[in-house]
Protein chains: 2
Amino acid sequence: MIQFATRMNNLKGSAIRELLALANKPEILSFAGGMPAPELFPVEKMKAATDAVLDEMGEVALQYTSTDGWPRLREQIAERMGKKNGIKTTAANILMTSGSQQGLDYSARVFVDPGDVIIIESPSYLGALNAFKACEPNFIAIPTDENGMIMEELEKVLATTERVKMIYVIPDFQNPSGRTWPLERRKQFMEIINKYEIPVIEDNPYGELRFEGEDMPALKSMDTKGLVVFLGTFSKILAPGYRLGWVCAEGEILKKYNFMAQAAALQASTEAQLIVSKFIDMFDLDEHVAAIKANYAKRRDVMIETMEKEFPPEAKFTHPNGGLFTWVELPEYINTNEMAKQCLERHVAYVPGDGFFPDAGHNNCIRLNYSKLNEDQIREGMTILGQVIKENIKK
Amino acid sequence: MIQFATRMNNLKGSAIRELLALANKPEILSFAGGMPAPELFPVEKMKAATDAVLDEMGEVALQYTSTDGWPRLREQIAERMGKKNGIKTTAANILMTSGSQQGLDYSARVFVDPGDVIIIESPSYLGALNAFKACEPNFIAIPTDENGMIMEELEKVLATTERVKMIYVIPDFQNPSGRTWPLERRKQFMEIINKYEIPVIEDNPYGELRFEGEDMPALKSMDTKGLVVFLGTFSKILAPGYRLGWVCAEGEILKKYNFMAQAAALQASTEAQLIVSKFIDMFDLDEHVAAIKANYAKRRDVMIETMEKEFPPEAKFTHPNGGLFTWVELPEYINTNEMAKQCLERHVAYVPGDGFFPDAGHNNCIRLNYSKLNEDQIREGMTILGQVIKENIKK
């Protein structure tokens, strides 16, 4: 009789992944994943960058590299973080990871023993909860409003809770809610953090995808005590297929992440690092991000417009100013897991909301993605979804 | 005061990685890493495969894929495992990983709680010990002879030890010793395993790199009870820069690895999987492996010949029939960590042996790699190393 580790009791496979398997058929309009629009990938430019890498330094690209990662790429990332997130940093503070998911996994493993507390937003990213669960934590979910985490609630919890080992937040275009913390709340948060000196994981995959309004400074840019670990990724601004993300952190914390990376993976792909670095040197990543943003903004518009027209008044949803997702709250008597089956029969898929909460209940929510499908598909899908929701509304 | 998780006390960074950082200067003859010969990488062919992938399915290559991995590549791997390792399997039993190191990390996390026992060979692969340490196990190292693990010793331990959760072995051209288990010992091992029903991690990065003698069937090919988890990798037969390895396992075990992968990384690189798959379809991987083997065999010959000529009789070393490493045992009064500094002064680097044992002591051994440097460099390096060893021998 084979015995598995206790942590495996916590890992059941993610609802997103299982649904994606079903939703993968071409006839399904899937709003379930968090995938970029594939037709916007700069395939020809990536090919030129790849050819240049293989011509100029093929032997380096195919060989092992250091755990922290390719120096030139880390320089480029540090420079970009200065411009985009207001973070003054250097290559020495950056560790490359195989996608941000690996950064999430390392985070819990660096800080969390079984039974320790991780503070999250309510709701929070399903994939992060799943990564953290492998470390057998207790979650405390802080209530949120339209401006993100409610700081008074955070402070209450910190003042009365032992063994809080890290706080995980997505302040920009949060997954799943699409909400962004305004500046005042960021300042409040940093004041509280500096008082309690708890490490913060700031997950920022969507920060560059702002459609309107002013860019917000990252929490990391206000971090005077080296408490914030910033997770970045090329998945949403370039392409997820390379699995390239990074950790930006200070001193002893960064060192522990490096030790964790040595043990868990040795390094991120040399080839991918050299190619993405070359792409940034050869082409204009800002121009590419601008094109993505213009496209996603239109898709967001079509989604919200169609929802306003086709959804019943009982359905409440967020109006994101960027990122990939909107979040729908239905009357509490509607179970969106059950409704997902009705939708799949009509060839529409979404992620039921309960996976974004660490505790049971919360069965009346839906996460919708607007980056993957085109405007016609979004219109059609939201019309069908609106119809199904109406059928579930009690008269 | 930031508190780190208890597991981080076990992770100090690997001796190999730290030494590699020092040994990375061009003037150093480094026998420290386990790197393939870069001049043998099939750069032009990889370029052709990459161009074909980006031309034919660029949007797929740059997008997310499933956690288990690209179906065509898993089919190709299953077929290859049948031919090379005598393992009858299918794509459904294969999970792609970001290099074998990730497979090692997943293995401990799937099976091992803090305080559980992992059985290993003595010595065993430093990188595996480092990965496993993150799960806070107790190691029991089984003595080995020139034919690998001594089965009577293994049985003694299994009969008297509680909480043994997994057994980690490298039966082919072991890292660090270069030794291979003969058929009889493999059969003995499987009999014992089937009696105690303990999961086995069979790490096989070097099996295809046999210079002489007959291929041995993998333990996995004799596995009638689904107890063996086989770890494969493209790092040594193609290129480590893509970070592509795989796990081959059965039923509930495979399912747990998949859950672990979802939590820890989502997936291995789509781009790398498609490129390697295309390479195998377009070109002859066997031909490439044959070329590597011919080259490494010559380098092994030069290394062993020079050692026989230049090392004092007090130095004992293995004569590997394949793989990348030979293992040197010096008189017990020689500390190879201290001697490494003397060698570095003369521009020669190796890995001191103590990192390959879970307990202290074992300071008189050295692991030497012969795949990275050319024949002249090997001759020069071994002559210098022989000189330094002689200087350390007590008259």
Side-chain angles (χ1 to χ4, degrees), chain A residues 1-8 11-14 17 33 35 38-39 41 43 46-47 50-51 54 58-59 61-64 66-67 98-99 101-102 105 109-113 127 130-131 133-134 165 197 199 239-243 253 256 258-260 262-266 268-272, chain B residues 1-8 11-14 17 21 33 35 38-39 41 43 46-47 50-51 54 58-59 61-64 67 98-99 101-102 105 109-113 130-131 133-134 165 197 199 239-243 253 256 258-260 262-272:
Chain A
M1 179 59 194
I2 291 165
Q3 284 185 292
F4 296 104
T6 311
R7 69 179 66 81
M8 297 312 293
L11 301 183
K12 310 283 181 193
S14 115
R17 287 260 141 186
M35 295 191 194
E39 70 275 20
F41 288 143
V43 175
M46 293 309 315
K47 193 179 159 194
T50 305
D51 285 351
L54 291 176
E59 293 182 9
L62 301 192
Q63 189 59 283
Y64 289 105
S66 67
T67 297
S98 298
Q101 187 71 22
Q102 195 170 60
D105 179 53
R109 296 174 83 187
V110 163
F111 293 114
V112 179
D113 280 320
N130 200 34
K133 279 177 187 169
K165 293 301 176 61
E197 299 195 340
Y242 292 101
R243 311 306 301 127
I253 292 181
K256 297 289 188 197
N258 187 297
F259 288 167
M260 194 67 246
Q262 285 183 39
L266 293 185
S269 162
T270 320
E271 186 241 18
Chain B
M1 178 63 191
I2 290 165
Q3 283 185 293
F4 296 105
T6 311
R7 69 180 67 81
M8 298 312 294
L11 301 183
K12 311 281 182 193
S14 116
R17 288 260 140 185
M35 294 192 194
E39 69 276 19
F41 288 143
V43 174
M46 293 310 315
K47 193 179 159 195
T50 305
D51 285 351
L54 291 176
E59 294 182 10
L62 301 192
Q63 188 59 282
Y64 289 106
T67 298
S98 297
Q101 188 72 21
Q102 196 171 57
D105 179 52
R109 296 175 83 187
V110 163
F111 293 115
V112 179
D113 281 319
N130 200 34
K133 278 176 187 168
K165 292 301 176 60
E197 298 196 338
Y242 292 101
R243 310 308 299 129
I253 293 180
K256 297 288 189 198
N258 186 296
F259 288 166
M260 194 68 244
Q262 285 183 40
L266 293 185
Q267 56 156 105
S269 162
T270 320
E271 185 241 18

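Chain identifiers are assigned alphabetically (A, B, ...) following the order of the sequence lines, protein sequences preceding nucleic acid strands; residue numbering begins at 1 within each chain. Fair warning: this is a prediction, and the values are worked out from it, not measured in the lab.
When every heavy atom of A:Gln101 is checked against every heavy atom of A:Gly127, the shortest pair comes out as NE2-O, 2.9 Å.
Contact tally against chain A (heavy-atom pairs below 4.5 Å) for B:Gln102, B:Gln3, B:Glu271: the top residue is B:Glu271. Interface remark: of the candidates B:Pro199, B:Ala131, B:Ala134, B:Ala131 forms the most heavy-atom pairs closer than 4.5 Å to chain A. Among the candidates B:Gly58, B:Ser269, B:Ala239, the residue making the largest number of heavy-atom pairs closer than 4.5 Å to chain A is B:Ser269. Chosen from A:Val110, A:Asn258, A:Ile253, the residue pairing most often with chain B at heavy-atom distances under 4.5 Å is A:Val110.
Considering only residues two or more places apart in sequence or on other chains, B:Ala263 meets the side-chain contact (heavy atoms from CB on, under 4.5 Å) condition with A:Leu11, A:Asn130. Residues forming a side-chain contact (heavy atoms from CB on, under 4.5 Å) with A:Gln63 (at least two apart in sequence, or on another chain): B:Met35, B:Pro36, B:Pro38, B:Phe41, B:Pro240, B:Lys372.
At a threshold of 4.5 Å between non-hydrogen side-chain atoms, the residues A:Met260 and A:Asp105 do not count as touching. A:Ile2 has its side chain within reach of B:Phe111: a pair of non-hydrogen atoms, C-beta onward, lies under 4.5 Å apart.
For a residue to count as touching a neighbouring chain, one of its non-hydrogen atoms must lie under 4.5 Å from one of that chain's; by this rule A:Ala61 touches chain B with the backbone only. Contact of A:Lys256 with chain B is made through backbone and side chain together, with heavy-atom distances under 4.5 Å. Only the side chain of A:Thr50 comes within less than 4.5 Å of a heavy atom in chain B; its backbone stays farther off. Proximity to chain B is limited to the backbone of A:Val112, based on heavy atoms less than 4.5 angstrom apart.
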Is there a side chain to side chain contact (heavy atoms under 4.5 Å, CB included) between A:Leu62 and B:Tyr242 once you walk through the steps? CA-CA 7 Å; A:Leu62 301 192; B:Tyr242 292 101; 3.4 Å; yes
